[in-house]
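First the structure, in the form of structure tokens, and then the observations on it.
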Amino acid sequence: MRRRDVVAPVKTDKSRFQRIENPDDIWLDENTDFPIKKFFFSNREVLFEFSGNKVKNPSLELKDTVYFGVRRCDLNGIMHQDMVFLDDNPDPFYKARRDNSILFGLHCKEGDEYCFCNSVGLKDFFDLMMYDKGNHYLIESGTEKGLVFLDEFKKFFEETAEMISDNDRKIKNNKKLSTTNIKYMYGNESWEDLAKTCLSCGACNLLCPNCHCFTIQDEIDFDLKSGRRVRVPAACQSKGFTRVAGDHIFRETRVSRFKHRIYHQIQYFKERHNEIFCTGCGRCIRGCPVRIDWVKKINEIKDGN
Amino acid sequence: MTKPRVGFYDLTGCQGCLLSVIFNEDEILNIINAVDIKEFRFIMGEKYDGELDICFIEGGVVSNDDMDVVKKLRERSKIVIALGTCACEGNIQAMRKFHDKKDIEPLTYKKNHQNDDIDEARAIDEVIEVEYKIPGCPPDREEIKEFIKQVLIGKKWHDYKDPVCIECKLRENSCLLDKDVICLGPIIKGGCKAVCTTNGLKCYGCRGLTDDANFEEYFKMMKEKGFRMDEVKKIMDTFMARRVEKALKGK
């Protein structure tokens with residue numbers, strides 16, 4: 001009997017993480033076009049169901065799942081979401097999925113033209129990590145959970161004296177963010193030039209492995225007594241994101257929304273959690289219809305251009 | 001609790017929006033039980049000319065007849081809902097403003113419009129005040145159902161205002177703009193669950209422009225991607241000729 005589900009990258013027209021049935025479907029050539037976050041921060045989370053005064057919590061019996069071939073940027077994205085959802089008041093849905101997960105990473109050798117993970121100080125965060133050595137992989141365990149997994153499936157692994165070298169741990173990045181000290185840049189007028197090219201479509205938010213903002217909706221059944229409360233992802237680049245009671249909108253202008261995203265990624269999260277939020281995957285630039293390159297903008301402001 | 005009196009009416013359109021109400025097969029009986037339907041010509045023969053609590057109107061205002069009907073409906077209704085893109089945006093009929101009358105005339109149903117033509121086709125909120133709009137060509141049947149339930153519990157309905165791209169990305173579609181397809185997704189209101197783009201069809205913009213649609217940059221981007229501007233404009237005009245004209249004038 002199969003004891004665990006496996007989620008791994010699959011490539012069709014685009015590459016995405018999927019639950020797989022056949023190991024031949026796994027595709028590890030490059031990072032995926034879409035992040036892994038939907039498996040933890042769900043696209044539709046039923047928080048509870050109600051009927052009159054009775055509240056029913058959804059069942060959280062989940063199958064153990066191996067998340068295979070996850071890159072360092074997405075793994076750090078999970079680490080950042082842990083900081084948010086597993087703090088003093090843990091989110092039971094997120095926690096259940098994380099408790100049932102084995103994070104089995106794959107180390108990149110070289111980035112693509114958009115990613116820049118070396119610029120944002122990523123951490124080692126995995127249960128197991130694979131390093132591609134051409135004709136074999138070296139496996140490193142990062143947690144007790146990872147070691148137990150290796151032991152359980154030891155027929156697939158061999159012990160070795162071969163060490164993971166500093167060179168193995170290097171990732172060659174073609175793109176660079178030259179500074180993460182951007183606090184002083186907030187008032188720089190040239191943000192406006194970039195922000196006005198933004199279509200406010202929200203693609204960057206949805207493609208980001210870190211973004212975890214959500215909105216909550218109540219759905220009601222036709223008896224008008226029963227229904228459910230549902231949580232769905234939200235995008236800070238859309239105008240309605242900050243709409244509150246009375247239809248007031250806090251971030252009315254495109255530039256204020258645009259800067260908020262960049263500053264949350266590089267500045268605000270760091271102030272609160274001592275980690276840069278952005279993991280440098282570059283999906284927000286690659287997947288932007290206008291290809292807005294905010295990394296280049298920060299570099300330009302730093303250089304005084 | 002007395003059931004609200006509800007009517008479903010149509011002006012000039014294809015009646016697809018009213019069909020969307022009926023297409024809620026699984027719950028149509030629940031809808032019928034929850035409200036007191038006074039007139040709905042697709043499911044009953046009775047006519048009604050009394051007061052209505054909730055009045056759904058599909059279709060656009062393209063004739064003097066439509067003008068009369070919509071004004072009278074307004075007078076006897078507490079809540080008016082513009083149902084579908086004709087009612088919300090003017091839709092395809094609105095294109096006639098931008099063409100020669102003699103080119104259009106052969107294409108119209110003669111017996112319906114003999115001497116009652118008005119200068120242009122309008123969305124109903126250009127003629128009367130409406131409380132709510134449910135856009136879409138056709139509108140999403142789920143949304144109609146949700147709307148009815150929210151009104152029944154006395155909640156204010158908030159229509160979906162985020163761009164199509166958000167729901168499209170949630171469904172992990174590859175971007176049509178990268179495949180040389182003219183897709184209006186970034187400047188069009190979603191709520192449609194990105195049903196067209198998920199099935200490989202471009203977004204034609206049936207749900208209308210977002211509140212802050214960035215025309216200038218959208219056109220610039222399309223030009224840079226090598227699209228022909230007249231083609232882009234043509235697709236935009238399909239559902240929103242009137243709104244696009246207004247929005248461009250404002251720039």
Side-chain angles (χ1 to χ4, degrees), chain A residues 10-18 32-35 38 42-44 194-208 211 215 217-225 227 232-241 243 245 247 249 252-254 257 283 286-292, chain B residues 1 24 26-35 142 145-146 148-156 158-179 183-190 200 210-222 224-225:
Chain A
V10 175
K11 176 152 173 122
T12 49
D13 56 335
K14 289 272 168 181
S15 47
R16 311 164 175 89
F17 280 95
Q18 286 178 11
T32 51
D33 292 307
F34 293 90
K38 67 176 173 185
S42 171
N43 283 350
R44 183 186 151 85
L194 196 61
K196 77 171 190 208
T197 68
C198 173
L199 301 176
S200 306
C201 74
C204 48
N205 293 137
L206 279 303
L207 291 172
C208 176
C211 280
T215 183
Q217 298 155 352
D218 284 352
E219 296 174 353
I220 190 152
D221 298 330
F222 259 108
D223 63 8
L224 306 185
K225 289 190 179 77
V232 296
C236 65
Q237 296 309 289
S238 90
K239 198 173 168 182
F241 180 79
R243 188 179 65 187
D247 276 345
I249 292 175
E252 186 93 44
T253 62
R254 218 181 291 283
R257 298 197 293 274
R283 289 186 182 101
R286 190 194 303 122
C288 170
V290 197
R291 306 282 187 271
I292 291 177
Chain B
M1 194 175 83
N24 279 302
D26 299 345
E27 294 214 77
I28 188 73
L29 291 176
N30 286 329
I31 297 176
I32 290 169
N33 288 330
V35 298
E142 294 284 329
K145 204 170 70 185
E146 286 310 310
I148 293 172
K149 288 187 284 188
Q150 300 282 352
V151 169
L152 284 173
I153 59 168
K155 217 172 141 180
K156 192 180 167 191
H158 285 289
D159 48 341
Y160 192 96
K161 287 182 169 158
D162 289 349
V164 173
C165 295
I166 290 179
E167 288 174 301
C168 192
K169 286 285 179 289
L170 276 175
R171 297 181 76 163
E172 300 195 336
N173 297 326
S174 56
C175 185
L176 293 173
L177 289 167
D178 291 340
K179 291 183 177 174
C183 179
L184 300 182
I187 55 169
I188 297 299
K189 280 185 281 192
T210 53
D211 289 351
D212 62 344
N214 193 346
F215 271 110
E216 217 168 296
E217 291 301 325
Y218 181 79
F219 280 124
K220 212 156 120 192
M221 168 187 83
M222 295 307 270
E224 274 164 24
K225 286 185 191 286

With a 4.5 angstrom heavy-atom cut-off, could you sort out which part of A:L207 is near chain B: side chain, backbone, both or neither?
side chain

Tell me, side chain or backbone of A:P289 under 4.5 Å from chain B's heavy atoms, or both, or neither?
both

Sequence neighbours excluded, the answer for salt bridge (Lys or Arg N to Asp or Glu O under 4.0 Å) partners of A:K225 is none

Among A:R243, A:R254, A:K14, A:R291, the residue with the most heavy-atom pairs under 4.5 Å to chain B is A:R254

Given that the side chain runs from C-beta out, which part of B:K161 has a heavy atom under 4.5 Å from chain A: side chain, backbone, both or neither?
side chain

For the candidates B:N33, B:D211, B:V164, B:I153, which exhibits the highest count of non-hydrogen atom pairs separated by less than 4.5 Å from chain A?
B:I153

Indicate yes or no for a side-chain donor-acceptor contact from A:T215 to the backbone of A:V232 under 3.5 Å, with no hydrogens or angles considered.
no

Taking every non-hydrogen atom, the tightest pair across A:L206 and A:A235
CD2-CB, 4.1 Å

Between B:D212 and A:R257 (salt bridge meaning N to carboxylate O under 4.0 Å), is one present in this structure?
yes

Side chain, backbone, both or neither of A:D247 within contact of chain B (heavy atoms, under 4.5 Å)
side chain

Begin from the C-alpha positions of A:R283 and A:F34 and carry the test side chain to side chain contact (heavy atoms under 4.5 Å, CB included) through to its verdict.
CA-CA 8 Å; A:R283 289 186 182 101; A:F34 293 90; 5.7 Å; no

Measuring heavy-atom distances to chain A, does B:K220 have an atom under 4.5 Å in its side chain, in its backbone, in both, or in neither?
neither

B:K179-B:S174 side chain donor-acceptor pair, cut-off 3.5 Å
yes

Top residue by heavy-atom pair count (under 4.5 Å) with chain A, among B:I187, B:L177, B:N173, B:I188?
B:N173

